[in-house]
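A short write-up of the structure that comes next.
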Amino acid sequence: QVRLVESGGGLVQAGGSLRLSCAASPRPASNYPMAWFRQAPGKEREFVARITWSDTTYYADSVKGRFTISRDYARNMLFLQMNSLKPEDTAVYYCAAGTSGERGWGQGTQVTVSS
């Protein structure tokens, strides 16, 4: 039931960086995990990164060392810093409240990485 709005997607060349933002309203409970998922054309939605109430983070193997998830409690914001982007990262990225979006999903923001 949390409304989430992503922004920051765009077109970038391989090796470049993007920072995705997600604004939440009303304020999510501070003990909710928050996460990023992505869905490429013709593929299932997949887990990217998750951050817990204690700021413990989890990442898909495919993005470890390249992506960083963070949370700004005061601004009700979730972020995903994406570095060293690869064409395989091309997808619509969704922010999620709860472990797997059970508290709400954003509308998605397109990330396209060219070779």
| task | Output yes when a side-chain donor or acceptor of Arg50 lies under 3.5 Å from a complementary backbone atom of Thr99, and no otherwise. | result | yes

Is any side-chain heavy atom of [X] closer than 4.5 Å to a side-chain heavy atom of [Y]?
{"X": "Val48", "Y": "Tyr94", "result": "no"}
{"X": "Ser100", "Y": "Phe47", "result": "no"}
{"X": "Arg45", "Y": "Trp105", "result": "yes"}
{"X": "Trp36", "Y": "Leu78", "result": "yes"}
{"X": "Leu20", "Y": "Met82", "result": "yes"}

Could you pull out the closest heavy-atom pair between [X] and [Y], with the gap in Å?
{"X": "Pro87", "Y": "Ala14", "result": "CD-CB, 4.1 Å"}
{"X": "Phe79", "Y": "Asp72", "result": "CE1-CB, 3.8 Å"}
{"X": "Ala91", "Y": "Ala40", "result": "CB-N, 3.8 Å"}

| query | What's the verdict on side-chain contact (heavy atoms from CB on, under 4.5 Å) for Ser17 and Gln81, showing C-alpha distance, side-chain angles and the deciding distance? | reply | CA-CA 8 Å; Ser17 298; Gln81 178 66 46; 4.0 Å; yes

| field | From CA spacing to verdict: side-chain contact (heavy atoms from CB on, under 4.5 Å), Tyr58, Ile69 | value | CA-CA 9 Å; Tyr58 303 87; Ile69 188 171; over 6 Å; no

| query | Only one of Asp89, Thr90, Thr109 forms a side chain to side chain donor-acceptor pair (under 3.5 Å) with Arg38, so which one is it? | reply | Asp89

Measure the spacing between [atom1] of [X] and [atom2] of [Y] and express it to the nearest 0.5 Å.
{"X": "Phe37", "Y": "Glu44", "atom1": "CZ", "atom2": "CD", "answer": "12.5 Å"}
{"X": "Ser70", "Y": "Met34", "atom1": "OG", "atom2": "CE", "answer": "11.5 Å"}
{"X": "Glu6", "Y": "Gln110", "atom1": "CD", "atom2": "CD", "answer": "12.0 Å"}
{"X": "Arg71", "Y": "Thr57", "atom1": "CZ", "atom2": "OG1", "answer": "13.0 Å"}

| query | Which word best sums up how the rings of Tyr93 and Phe67 line up, parallel for under 30°, tilted for 30 to 60°, or perpendicular for over 60°? | reply | tilted

